Amino acid sequence: LVGEMRRDGLAPNLACYTPALAACADAAEWRPALELWESLLRDGITPDALAAGAALDACLAGRVPQSGLAVVEQLEQVRTRRPPRRLFTRAEAAAALAATPAPPNDTPPPPPPPLSLPLSASPREAAALLNDCCSLLDSLQRHGAPLGLVSFGAVIGAVEHWGLGERVRALLLAANNAQQQQEARASARASAAEGEARGGDVSASTE
């Protein structure tokens, strides 16, 4: 769909990317999902939690947790991105001030910001989820994962700002398991090589 829109000279928007990402997640097609995600970012579109969650779901379904954590890191870059500010001239500032109506005395206070976490999550549950994610990331780094894969700031932002804590925890847990399995295989190979070397030494000594 996104490719067809481009061929027709149309610019896909977030409403086009999100269902495409969700379809990739449902089919466990993580490579097309990551291509869509990169295309979304290149187009300068700011993703929402639905699009980001679909991209992470595709990585979970495809069993590529490190790719999912890279998406989490990109989310932090999107979240902290600030558009450049343009300074008003004195005339523009005066015109804007004159066009702004004075608020009445009974103006209600602005509504509170929307919650990024599900309403069912209590503050204690949210704190526990964040603690789990940070502990898993610490374990992942201690077991030799690249430090630049995903930062603590990105993990915290994904939990607190995007409300993606459950997915992030699942990705970190899967990455930890994969890292530990890799270490176990490396240790087994080293032990086997050491055993072969000792066997060779014994054979040489008996000769």
Side-chain angles (χ1 to χ4, degrees), residues 17 20-42 47 49 51-81 125-207:
Y17 277 109
L21 286 166
C24 291
D26 290 340
E29 295 286 350
W30 62 272
R31 287 188 178 89
L34 291 180
E35 291 174 2
L36 285 168
W37 177 258
E38 293 291 344
S39 177
L40 180 153
L41 297 180
R42 283 196 304 270
L56 298 184
D57 285 341
C59 293
L60 284 168
R63 298 181 180 180
V64 285
Q66 290 203 350
S67 296
L69 293 176
V71 171
V72 172
E73 183 63 32
Q74 289 175 319
L75 271 178
E76 178 66 5
Q77 297 170 8
V78 169
R79 186 179 73 85
T80 57
R81 184 173 59 202
E125 291 170 336
L129 180 59
L130 180 58
N131 184 64
D132 285 350
C133 290
C134 290
S135 296
L136 286 168
L137 178 55
D138 180 66
S139 173
L140 187 62
Q141 292 182 350
R142 284 189 287 105
H143 282 87
L147 293 177
L149 176 62
V150 63
S151 64
F152 280 93
V155 167
I156 293 170
V159 175
E160 294 186 339
H161 178 78
W162 299 96
L164 298 170
E166 294 290 349
R167 291 178 173 93
V168 173
R169 179 167 59 183
L171 287 167
L172 288 167
L173 185 59
N176 266 283
N177 291 338
Q179 190 74 21
Q180 291 171 15
Q181 290 172 4
Q182 182 178 350
E183 287 182 353
R185 288 192 295 267
S187 177
R189 287 194 297 268
S191 298
E194 184 179 354
E196 291 176 1
R198 287 178 179 176
D201 291 342
V202 170
S203 300
S205 63
T206 56
E207 293 176 359

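Keep in mind it's a predicted model, so treat the numbers as computed, not measured.
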Could you check if a side-chain atom of [X] sits within less than 4.5 angstrom of a side-chain atom of [Y], using non-hydrogen atoms only?
X	Y	value
Q141	L137	yes
C24	L34	no
Q179	Q66	yes
H143	Q182	no
V71	L171	no
L69	E73	no

Hey, what do you get for [atom1] ([X]) to [atom2] ([Y]), rounding to the nearest 0.5 Å?
X	Y	atom1	atom2	result
S187	Q180	OG	CD	13.0 Å
L172	C134	CG	SG	9.0 Å
R42	S39	CZ	OG	5.0 Å
L173	C133	CG	SG	10.0 Å
E76	W162	CD	CH2	9.5 Å
S67	L149	OG	CG	9.0 Å

Of all heavy-atom pairs between [X] and [Y], which one has the smallest distance, and what is that distance?
X	Y	value
A55	W37	CB-CE3, 3.9 Å
S139	N176	OG-OD1, 3.0 Å
L56	L164	CD1-CD1, 4.1 Å
L129	R169	CD1-CZ, 3.4 Å
A51	L21	O-CD1, 3.6 Å
D57	A25	CB-CB, 3.8 Å

| said: So does A127 get a backbone contact from the side chain of N131, meaning a donor-acceptor N/O pair under 3.5 Å? | reply: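 Flag not set: sc N131 to bb A127 has no pair under 3.5 Å.
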